[in-house]
Amino acid sequence: MLINYCMQCGKALVNKSVGDEGEQKYCPKCEKFYFDNPACCVLAAIINERGEVLLLKQNYISEKYVLCSGCMKKGDTPESAVCREVFEETGQRVLSCEYIGGYYFEPKNLFMLGFAAYVNAESFGNSKEVDGLTRADLESAAGMVERENNLSGIHLDNCIAYMKKQKSEQWRG
């Protein structure tokens, strides 16, 4: 959230140096610092028992497919946010999820927590946010997801690499 005015008195904030943080926004009247912290979101590659990934078509985001994502709400854990967003947008119920990695998305000041969400393939649900859903094998999906001004491609690549590593370790184990 970008803050330009004091939340207590409404005065315009100025920049002031504070310790190791460098220049930060400051209210000279209330003598309080404010930090432009990113919103915390989840990003999920939804993978079923056949090794297919579920891709979403959201025309307001991209002409290409994207992965499921959404902002965390008050009281959410990252895992509960993944389960909620996956169900709301696709109708799929998450059986388990694994944290893959975090990403900062500068254009929207978002910190995205990336997960692999495992589901059993079920009928798709209806969501006003989603214009279409499809399933594809992991390699095909990697070529179908948005890669410009979006983290879906990077995260899917990381999920695929993680799953290949896990499979390799199981084989050696």
Side-chain angles (χ1 to χ4, degrees), residues 1 35-173:
M1 173 189 295
F35 298 86
D36 288 330
N37 295 324
C40 195
C41 299
V42 293
L43 176 63
I46 305 166
I47 302 163
N48 68 24
E49 71 277 12
R50 296 185 298 255
E52 298 167 321
V53 65
L54 177 53
L55 301 173
L56 291 75
K57 189 76 173 87
Q58 293 179 297
N59 295 334
Y60 71 98
I61 293 176
S62 171
E63 292 181 13
K64 292 187 176 185
Y65 286 100
V66 295
L67 299 179
C68 181
S69 65
C71 288
M72 291 181 60
K73 295 181 180 178
K74 184 177 180 179
D76 275 347
T77 63
E79 295 81 3
S80 69
V82 167
C83 294
R84 177 180 47 75
E85 286 293 336
V86 167
F87 185 74
E88 286 175 1
E89 294 184 5
T90 71
Q92 308 295 287
R93 295 194 185 277
V94 174
L95 303 172
S96 66
C97 61
E98 290 181 272
Y99 177 72
I100 303 299
Y103 314 91
Y104 178 64
F105 188 55
E106 187 173 5
K108 294 189 176 182
N109 193 32
L110 301 174
F111 182 67
M112 313 275 308
L113 299 167
F115 286 83
Y118 302 101
V119 302
N120 286 326
E122 298 177 7
S123 298
F124 295 142
N126 292 324
S127 169
K128 293 177 183 173
E129 292 181 55
V130 178
D131 299 301
L133 296 163
T134 192
R135 291 184 180 103
D137 65 79
L138 290 170
E139 298 302 324
S140 297
M144 297 168 65
V145 295
E146 181 61 69
R147 292 182 174 275
E148 288 188 37
N149 201 30
N150 191 289
L151 294 172
S152 291
I154 292 169
H155 181 59
L156 185 57
D157 292 345
N158 289 340
C159 287
I160 292 169
Y162 174 81
M163 292 173 72
K164 285 181 179 177
K165 181 181 176 196
Q166 292 296 101
K167 194 177 236 183
S168 171
E169 288 175 1
Q170 287 175 347
W171 182 78
R172 283 185 279 160

Which atom of [X] lies closest to which atom of [Y], heavy atoms considered:
X      : Y      : value
Met112 : Leu43  : CE-CB, 3.9 Å
Ala117 : Cys97  : CA-CB, 4.0 Å
Gly153 : Val145 : CA-CG2, 3.5 Å
Glu129 : Tyr60  : O-CE2, 3.5 Å
Ser62  : Val66  : CB-CG1, 4.2 Å
Ala116 : Ile100 : N-CG1, 3.7 Å

Which residue in the set Leu55, Val53, Leu156 passes side chain to side chain contact (heavy atoms under 4.5 Å, CB included) when paired with Met144?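 One option only clears the test, and that one is Leu55.
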Approximate separation, where rounding is to 0.5 Å, of [X] [atom1] and [Y] [atom2]:
X      : Y      : atom1 : atom2 : answer
Ile46  : Glu89  : CD1   : CD    : 7.5 Å
Met72  : Thr77  : CE    : OG1   : 6.5 Å
Ser69  : Asn150 : OG    : CG    : 7.5 Å
Leu56  : Ser127 : CG    : OG    : 8.0 Å
Asp137 : Ile160 : CG    : CD1   : 9.0 Å
Leu133 : Gln58  : CG    : CD    : 8.5 Å

Verify the ring-centre separation between Tyr99 and Phe115: is it less than 6.0 angstrom?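 Yes, the ring of Phe115 comes within the 6.0 Å limit of the ring of Tyr99, centre to centre.
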Please check: side-chain N/O of [X] versus main-chain N/O of [Y], any donor-acceptor pairing under 3.5 Å?
X      : Y      : value
Thr90  : Val86  : yes
Arg93  : Asn120 : no
Lys57  : Val130 : no
Gln92  : Ser123 : yes
Ser152 : Leu67  : yes

Going by salt bridge (Lys or Arg N to Asp or Glu O under 4.0 Å), name the residues that satisfy it together with Asp131, two or more places apart in sequence or in a different chain.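 Scan of Asp131 (salt bridge (Lys or Arg N to Asp or Glu O under 4.0 Å), adjacent residues dropped) gives none.
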Would you indicate whether Glu49, at its atom CD, is surrounded by more than 12 heavy atoms from other residues, nucleotides or ligands within a distance under 6.0 Å?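 Atom CD in Glu49 is packed in, count exceeds 12.
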Please say whether more than 12 non-hydrogen atoms of neighbouring residues, nucleotides or ligands are located less than 6.0 Å from CG in Asn59.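 Counting other residues, nucleotides and ligands, CG of Asn59 exceeds 12 neighbours.
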Carefully, step by step, assess Ile47 and Met163 under the rule side-chain contact (heavy atoms from CB on, under 4.5 Å). CA-CA 11 Å; Ile47 302 163; Met163 292 173 72; 3.4 Å; yes
Verify whether one side chain among Asn48 and Tyr118 offers a donor that lies under 3.5 Å from an acceptor in the other.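 Side-chain D/A pair, Asn48 to Tyr118: absent.
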Please walk me through it: do Leu110 and Tyr103 pass side-chain contact (heavy atoms from CB on, under 4.5 Å)? CA-CA 8 Å; Leu110 301 174; Tyr103 314 91; over 6 Å; no
